[in-house]
Amino acid sequence: MYIEKLESLISQNKDIFYKELKEVIKPSFDGLDNPSKYTNIVENFVTKSNRKPFARQARLISAASEYISKKNNKSLLISSEMGTGKTQLAINISQLKKFTVNMVLCPPHLVDKWADEIYSVYTEYEHKKIKIIKVNRWEDLIPYTKRDMRKDGIKYYFIISRETAKLGYPKQPAIKISFKQIIKEKMLDGESLMVKQLVKVARCPDCYSVLEEGNSEFIDTSTIPYKCECGAVLRSVDRTVSPKMQTRVSIAEYIKRTWTKGAIDLLIVDEIHECATC
């Protein structure tokens with residue numbers, strides 16, 4: 001009986017395996033077989049970049065650029081080890097002509113790093129064609145609100161700390177508290193008695209449906225959802241804090257309320273795995 005290692009079998013028949021795998025797995029990127037198809041994409045980020053990507057990075061940028069440019073593809077996830085240049089990859093992808101208004105959401109300690117990286121990736125000649133705005137408060141976005149920035153002839157990068165983006169005015173549950181009488185079984189001297197008891201009930205102020213029940217003195221409001229099933233928002237400004245904090249608006253809320261749909265061409269989320277609970 002003849003025994004051969006799997007790795008030897010694959011290495012000796014790699015062309016056959018490659019051909020068969022291509023029939024089963026059809027990747028959207030075929031740059032290795034048809035590099036001329038991606039000439040324009042490569043030339044675009046190479047001519048604009050002061051720091052040229054490595055060959056492996058260039059292939060990933062080309063594949064990602066082609067994928068994200070297709071009409072029905074809304075998002076793209078790049079996952080790789082530390083030090084592989086994910087920041088530069090994202091910047092090179094943003095250099096596509098269609099991405100004029102770019103927004104970067106990153107951890108607080110990386111805001112300055114992102115600004116420095118964008119400048120270092122672009123050539124000195126391209127610096128006059130880009131504008132970087134580090135957004136600290138919602139007021140920083142006022143000059144760019146309800147305005148077609150694509151007509152300015154420059155590429156915008158709005159860099160926002162993800163913590164700053166969420167920071168807004170303190171809120172508290174907007175609910176209606178009432179009492180409800182219930183019948184509860186109670187043991188007394190070994191006998192079971194049915195007694196009446198009042199409990200606090202949190203209700204929706206619009207449809208009056210029950211959201212949470214407590215006891216006669218306490219009700220836990222931490223589990224109250226943000227919205228009721230009827231659509232009512234169950235949050236209001238916390239009037240117990242200072243008036244200055246009551247008027248603070250979160251950047252994310254400001255963008256959602258005032259920027260038109262489609263105003264942002266590309267959103268880059270750094271360390272997105274940390275945003276699962278954001």
Side-chain angles (χ1 to χ4, degrees), residues 74-75 77 79 103-111 135-142 145-146 158 160-264 267 269-278:
K74 303 297 183 182
S75 62
L77 185 66
S79 176
M103 189 162 287
V104 179
L105 193 66
C106 63
H109 65 285
L110 295 179
V111 171
V135 183
N136 296 310
R137 292 179 59 84
W138 67 272
E139 290 93 340
D140 297 334
L141 293 172
I142 292 177
T145 303
K146 295 181 180 178
F158 296 90
I160 310 173
S161 156
R162 67 176 180 226
E163 303 303 326
T164 304
K166 295 186 295 180
L167 192 63
Y169 55 83
K171 299 175 183 177
Q172 62 181 0
I175 53 178
K176 185 176 182 62
I177 299 292
S178 63
F179 285 90
K180 180 172 107 173
Q181 189 179 77
I182 63 172
I183 306 297
K184 192 173 182 181
E185 185 178 9
K186 188 175 181 180
M187 298 298 295
L188 183 64
D189 296 331
E191 292 186 14
S192 176
L193 300 175
M194 306 304 290
V195 297
K196 296 179 180 180
Q197 184 177 335
L198 284 177
V199 295
K200 276 188 174 181
V201 179
R203 297 180 183 273
C204 170
D206 284 7
C207 68
Y208 213 60
S209 60
V210 176
L211 303 168
E212 191 69 40
E213 288 188 9
N215 54 39
S216 59
E217 297 180 355
F218 176 78
I219 187 167
D220 184 11
T221 59
S222 63
T223 58
I224 301 295
Y226 186 79
K227 270 189 176 183
C228 177
E229 291 183 358
C230 72
V233 177
L234 303 174
R235 293 294 183 275
S236 63
V237 180
D238 188 351
R239 301 295 180 184
T240 63
V241 299
S242 67
K244 184 178 180 180
M245 292 185 68
Q246 292 178 23
T247 58
R248 185 173 62 192
V249 179
S250 74
I251 295 171
E253 189 71 17
Y254 178 81
I255 293 173
K256 180 181 177 181
R257 290 176 178 271
T258 62
W259 283 35
T260 57
K261 186 177 181 180
I264 301 170
L267 172 64
V269 184
D270 193 5
E271 305 290 353
I272 193 171
H273 64 283
E274 297 178 357
C275 296
T277 57
C278 288

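These numbers come from a predicted model, not from an experiment.
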[atom1] of [X] to [atom2] of [Y]: how many Å apart, nearest 0.5 Å?
{"X": "Asp140", "Y": "Thr145", "atom1": "CG", "atom2": "OG1", "answer": "10.5 Å"}
{"X": "Lys74", "Y": "Leu267", "atom1": "NZ", "atom2": "CG", "answer": "14.0 Å"}
{"X": "Thr258", "Y": "Glu253", "atom1": "OG1", "atom2": "CD", "answer": "10.0 Å"}
{"X": "Lys200", "Y": "Leu198", "atom1": "NZ", "atom2": "CG", "answer": "11.5 Å"}
{"X": "Leu105", "Y": "Glu163", "atom1": "CG", "atom2": "CD", "answer": "9.0 Å"}

Go through the steps for Glu212 and Thr223 under the test side-chain hydrogen bond (donor to acceptor under 3.5 Å, both in side chains), then give the verdict.
CA-CA 8 Å; Glu212 191 69 40; Thr223 58; 2.9 Å; yes
Are [X] and [Y] packed together at the side-chain level, in the sense that at least one heavy-atom pair is separated by less than 4.5 angstrom?
{"X": "Leu234", "Y": "Pro205", "result": "yes"}
{"X": "Asp270", "Y": "Pro107", "result": "yes"}
{"X": "Trp138", "Y": "Arg257", "result": "no"}

Restricting to non-hydrogen atoms, name the atom on [X] and the atom on [Y] that form the minimum distance, rounded to 0.1 Å.
{"X": "Asp206", "Y": "Cys230", "answer": "CB-SG, 4.2 Å"}
{"X": "Met103", "Y": "Ile160", "answer": "SD-CD1, 3.8 Å"}
{"X": "Ile175", "Y": "Ala202", "answer": "CD1-CB, 3.8 Å"}
{"X": "Val201", "Y": "Lys180", "answer": "CG2-CB, 3.6 Å"}

Go through the steps for Arg203 and Ser178 under the test side chain to side chain contact (heavy atoms under 4.5 Å, CB included), then give the verdict.
CA-CA 8 Å; Arg203 297 180 183 273; Ser178 63; 3.2 Å; yes
If you apply the rule side chain to side chain contact (heavy atoms under 4.5 Å, CB included), what do you find for Ile255 with Val135, and how did you get there?
CA-CA 12 Å; Ile255 293 173; Val135 183; over 6 Å; no
Stepwise side chain to side chain contact (heavy atoms under 4.5 Å, CB included) check, Cys228 with Cys207
CA-CA 9 Å; Cys228 177; Cys207 68; 3.6 Å; yes
Do Phe158 and Leu141 pass the side chain to side chain contact (heavy atoms under 4.5 Å, CB included) test, and can you show the C-alpha distance, the side-chain angles, and the key distance before you say yes or no?
CA-CA 9 Å; Phe158 296 90; Leu141 293 172; 3.8 Å; yes
